[in-house]
Amino acid sequence: VDPSDNTTDYSTKEYKGSEWTKPAVVVTAPAESQLGTLVQKTSEEATGWDYTISWADGDYTKQGSYFVTVTGNSNYTGTPAKAFNITAKPILSEWIKVTAKKVKKSDSSEDQTALSATEQVNVRTYSAEYKFVPEVTVSYTVGSGDNAETVTLQEKTGETGDYVVTWYNTADLTNGRDNATPINIATDGLTTVGSYTVYVDAVELGNYSGSQTSSFEIKKRPLSDEWC
């Protein structure tokens with residue numbers, strides 16, 4: 001199999017969000033047979049050919065295996081098949097960005113000034129009046145210069161999506177994730193000073209793979225002279 005982009009791994013490509021060109025198929029007999037490379041039928045008018053190929057249906061964009069079948073003709077028989085594999089793209093930690101909204105504990109109204117750039121996006125200062133509701137985005141860039149394009153993954157909702165987000169109190173992870181209790185961010189938000197860890201887990205059998213983490217911190221509020 002000889003792919004169109006001249007890479008060395010002929011039968012496996014990583015998910016890229018768009019359709020891969022089906023690789024060319026070359027059938028070569030064992031050296032001891034002295035038959036050399038067989039001739040593929042490339043048009044209806046062709047003569048003297050040894051085999052045809054047929055690709056399985058598919059859009060060739062998603063993770064999975066796509067099969068091509070070779071059918072012998074004239075002096076050759078049989079229908080061997082080979083797989084062209086599109087593998088899931090690993091999620092990287094640098095794709096993950098955490099921001100946080102301030103929401104009033106009393107009536108759940110949102111403070112639109114909470115996203116000020118004066119603090120790090122994943123660090124906020126304790127507030128007695130507000131709770132924090134972190135938001136996670138996962139994205140990466142393909143191409144460069146004028147051809148650069150941002151690909152944003154989708155958090156799983158219902159049956160569709162690329163990843164699942166789970167929050168923990170970082171201190172609870174000391175004995176491993178399996179022993180830690182997840183935080184219900186949507187209902188409870190984050191209110192206590194401390195460090196929190198988010199896991200971004202790719203969904204099974206999706207176009208992305210792996211698990212990465214990021215963090216969010218609520219830091220202590222400094223005492224002010226004006227308070228005394």
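As the structure is a computational prediction, the values presented were derived from the model and not from experiment. As a basis for the values below, the full set of heavy atoms in this structure was taken, side chains included, without hydrogen atoms, waters or symmetry mates.
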### Task
With rounding to the nearest 0.5 Å, note down the distance linking CG in N179 to OH in Y168.
10.5 Å

### Query
Are any of the side-chain nitrogens in R124 or E217 under 4.0 Å away from the carboxylate oxygens of its partner?
no

### Message
Could you tell me if the side chain of V138 sits less than 4.5 Å from the side chain of V136, heavy atoms only?
### Response
yes

### Message
Between T174 (side chain only) and A171 (backbone N and O only), is there a donor and an acceptor less than 3.5 Å apart?
### Response
yes

### Lys/Arg-Asp/Glu bridge criterion (N-O < 4.0 Å) met for K41, E44
yes

### Task
Verify the distance criterion only: is there a donor paired with an acceptor across the side chains of Y199 and R177 at less than 3.5 Å?
no

### Task
Working to the nearest 0.5 Å, report the span between CD of Q63 and OG of S209.
9.0 Å

### Summary
Looking only at heavy atoms, the pair that brings P90 and W95 closest together is O-CH2, 3.2 Å

### Distance in Å, I218 CD1 paired with T191 OG1, rounded so as to fall on 0.5 Å steps
6.5 Å

### Message
Quick one about T152 and S139 (side-chain donor to acceptor, distance below 3.5 Å, no hydrogens or angles considered), yes or no?
### Response
no

### Task
Please report the closest heavy-atom contact between D188 and K131, naming both atoms and the distance.
O-CD, 3.5 Å

#### Entry: Verify same cluster id: V70, W49 (apolar side-chain graph, 4.5 Å)
no

### Query
When you measure from the centre of the six-membered ring of Y60, is the NZ or CZ of K22 under 6.0 Å away and within 45° of the axis?
yes

## Note on the structure
Given the options D162, V203, V165, K156 meets side-chain contact (heavy atoms from CB on, under 4.5 Å) only with V203

### Message
Does the structure place the NZ or CZ of K89 under 6.0 Å from the centre of the six-membered ring of Y140, at an angle of no more than 45° from the ring's axis?
### Response
yes

### Message
Using 0.5 Å steps for rounding, measure from the CD1 atom of I185 to the OG1 atom of T166.
### Response
10.5 Å

### Message
Would a single hydrophobic cluster contain both V25 and F67, if residues Ile, Leu, Val, Met, Phe, Trp and Tyr are joined by side-chain heavy-atom contacts under 4.5 Å?
### Response
no

### Y196 to N169 - nearest heavy-atom pair and separation
CD2-CA, 3.9 Å

### Taking every non-hydrogen atom, the tightest pair across W55 and P23
CZ2-O, 3.4 Å

### Message
How long is the straight-line distance from CD of E94 back to CD1 of I96, given to the nearest 0.5 Å?
### Response
9.0 Å

### Task
Indicate if V164 and V200 have the same hydrophobic cluster label, given that clusters are the connected sets of ILVMFWY residues with side-chain heavy-atom separations under 4.5 angstrom.
no

### Message
For the OG1 atom of T213 and the CH2 atom of W167, what is their distance to the nearest 0.5 Å?
### Response
10.0 Å

#### Entry: Test log, rule side chain to side chain donor-acceptor pair (under 3.5 Å), inputs T197 and S215
CA-CA 5 Å; T197 297; S215 64; over 6 Å; no

### Sole candidate of L38, T71, V39 that passes side-chain contact (heavy atoms from CB on, under 4.5 Å) when paired with Y51
L38

### Query
At their closest point, which heavy atom of Y66 faces which heavy atom of G58, and how far apart are they?
CE2-CA, 4.1 Å

### Query
At their closest point, which heavy atom of I91 faces which heavy atom of A202, and how far apart are they?
CD1-CB, 3.9 Å

### Residues T61 and D59: side-chain donor-acceptor under 3.5 angstrom
yes

### Query
Under 4.5 Å between any side-chain heavy atoms of T69 and I53, yes or no?
no

### Query
Honestly curious: do V68 and V27 fall in one hydrophobic cluster under the side-chain, below-4.5 Å linking rule?
yes

### Query
More than 12 foreign heavy atoms under 6.0 Å from CD of E204: is that the case here?
no

### Query
Does NZ or CZ of K16 fall inside the cone over W20's six-membered ring, less than 6.0 Å from its centre and within 45° of the axis?
yes

